[in-house]
Structure formats: structure tokens, C-alpha cells
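Below: the structure, in C-alpha cells.
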Amino acid sequence: MTAGSAHTADSPHDTGDQGVTVQSQDRFAGIDTRLYLVTDSAQCEAAGRTVAETVHEAVAGGVGIVQVRDKDIDDTAFYSLTRQVIAAVDSATAGTDRTVPIVLNDRVEVARRLIDEGEIVHIHVGQTDATVAEVRATLGEAPLIGLSAANSAEFAAARDTGVVDLIGIGPVYDTTTKADAPDGIGPERLGELVTEAGIPAVAIGGISIDRAPELRDRGLLGICVVSAICTAEDPKAAAEQLLAAFTGGHA
């Protein structure tokens, strides 16, 4: 993966508020966390593109983190998909100083294999997946670990582990991406939860270009999107517009 430096979103966490340590801030050094893409294979296919093609265009448009997610394929196919995404990110960042982390959703053994092969990959898990302590034990200290969390008990448990680098909070808005997703919590409640969490946070769930401005100044490291890019006619333009909407056009 291409090495380099980039921008991290302004938030209370940048100055150490909410109990976030300097070490946790340093884990994101050189990463532009403001726009985080979670892939959806079916949506990309329906839009007439592969996941890798979508990722390439989205990263060219400003996506700074890519999570590979596909619950419907086995580990062998997921490994192949991740390899394609790695190649797409490398191609999109070639000749730049950008570092765009690749995060695997739940596939700890695939992540371990890739790390053993010399790749730099990270992991995101949900509350019912492998525990973050197990993930850290399996993958070592280098990978970032993300965790979905939604309430006080889950935030406290995440802090107590000492191994969670990033939490995903949502859904912010009602979403059809996950069939079992609860109702959206809304921007105001999101801001309260980010403050309460005490761990760097990104928001996910139903975020669109029109809604992204509502999430400014909520203490977030960034926003996660799925359909806003995967179903877009032009993923590069969609990424540019989402980033501008969330940041108010600030580079």
C-alpha cells in the first residue's frame, strides 16, 4: 500500500478531548479519515461495475479508507476480492503520497493470511463477531481495529479492552443496506453518542450527499457510506461531492 500523509478530520478527538489518548490519535497519522467507503458487491454489480472498479474511482475521488464487506461469499472468494481491492487502491494512489487503509469486515483469518503475505490490512467487527481481544491476539499490534457500537455499555466495553482504534456509530438515518438495521438515530443523537464514546468515531447509515452537511461539527473522524458511492453513476464524482458536503469544501 502506498505510504504517505493526508488529512484527518477536525474533531474534539484531535485535541485529546473525550479521553482519547495521543497514542490513539497517532494510529491515524497520515490517513484521511473523512470519507470511508464500505463496499457492497451486489450494489456495485447492479450499477454495472466490479467492486474493484468502484473502489478505484472512489479513491481517486477522495475516499480515504476502504472496507471490504461481503457476507455472501466464502473466505477464498473474499481473499480474491480483497486482492482486487488492494490492487485498485494501489493503482488509484500511484504517484501520490496518500495512504488509504484497507479494512476487512469480520474476515480475521483472511486478514491474517494477507498480513503473512506482507500486505497491510486492518479489521472491522460487529458486536456478534470475533471479540476485539481475539482479533488483536490473532493479528498483532499493527492493524487498526474497528468496532460497531451503539450504546453506553458497548462504548464502555470497547474502552475497557484498550484495543479498539475506531468505532462505527449508526445508523444515523434509516437505511436499506442492512435488512435488520434499526431506525436511524439522527444527527443530534449521533453527536451525543460520539461525545460519550471516548473513542474516535465514524458515522454510518443512510448518509447521502444531501445529508452529509448535517454531520459536520459532530466530533466525527469521518463518515461511512455504502450506497451513496456503490450505486452512483459516477463513483469518483460522488466521492468528491460527499467529501465537499461533509467538510464544507475545506481541503
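Start at 1 with the first residue, then count along the sequence.
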Is the backbone of Ala87 close enough, under 3.5 Å, to the side chain of Ser91 for a donor and an acceptor to pair up by distance? no
Sort out for me which residue in Thr131, Val132, Leu147, Val135 forms a side chain to side chain contact (heavy atoms under 4.5 Å, CB included) with Val163. Val132
Between Arg107 and Val68 (side chain of the first, backbone of the second, donor and acceptor by atom type, cut-off under 3.5 Å), is there such a pair? no
Qualifying residues under side chain to side chain contact (heavy atoms under 4.5 Å, CB included), relative to Ala60, sequence neighbours excluded: Lys236
When you check the side-chain N and O atoms of Thr138 and Arg112, is any donor under 3.5 Å from an acceptor? no
N/O donor-acceptor pair under 3.5 Å between Arg83 side chain and Phe78 backbone: no
Scan for salt bridge (Lys or Arg N to Asp or Glu O under 4.0 Å) pairs involving residues 127-154, sequence neighbours excluded, and state none if there are none. Arg136-Asp165
Donor-acceptor contact below 3.5 Å, side chain Thr33 vs main chain Leu221: yes
I'd like to know if the side chain of Arg69 reaches the main chain of Asp106, judged simply by a donor and an acceptor atom lying under 3.5 Å from each other, with no hydrogens or angles considered. no
Is a side-chain donor or acceptor of Arg189 paired with a backbone partner of Gly184 at a separation under 3.5 angstrom? no
Using only atom types and a distance under 3.5 Å, with no angle test, would you say the side chain of Gln67 pairs donor to acceptor with the backbone of Leu37? no
Any donor-acceptor pair under 3.5 Å linking the side-chain atoms of Gln84 with those of Tyr79? no
Would Ile223 and Val202 count as a side chain to side chain contact (heavy atoms under 4.5 Å, CB included) here? Give the steps. CA-CA 5 Å; Ile223 54 172; Val202 291; over 6 Å; no
Answer yes or no: is there a donor N or O on one side and an acceptor on the other, between the side chain of Ser80 and the main chain of Thr76, under 3.5 Å? no
Within 45 degrees of the axis of the six-membered ring of Tyr173 and under 6.0 Å from its centre: does Arg211 put its NZ or CZ there? yes
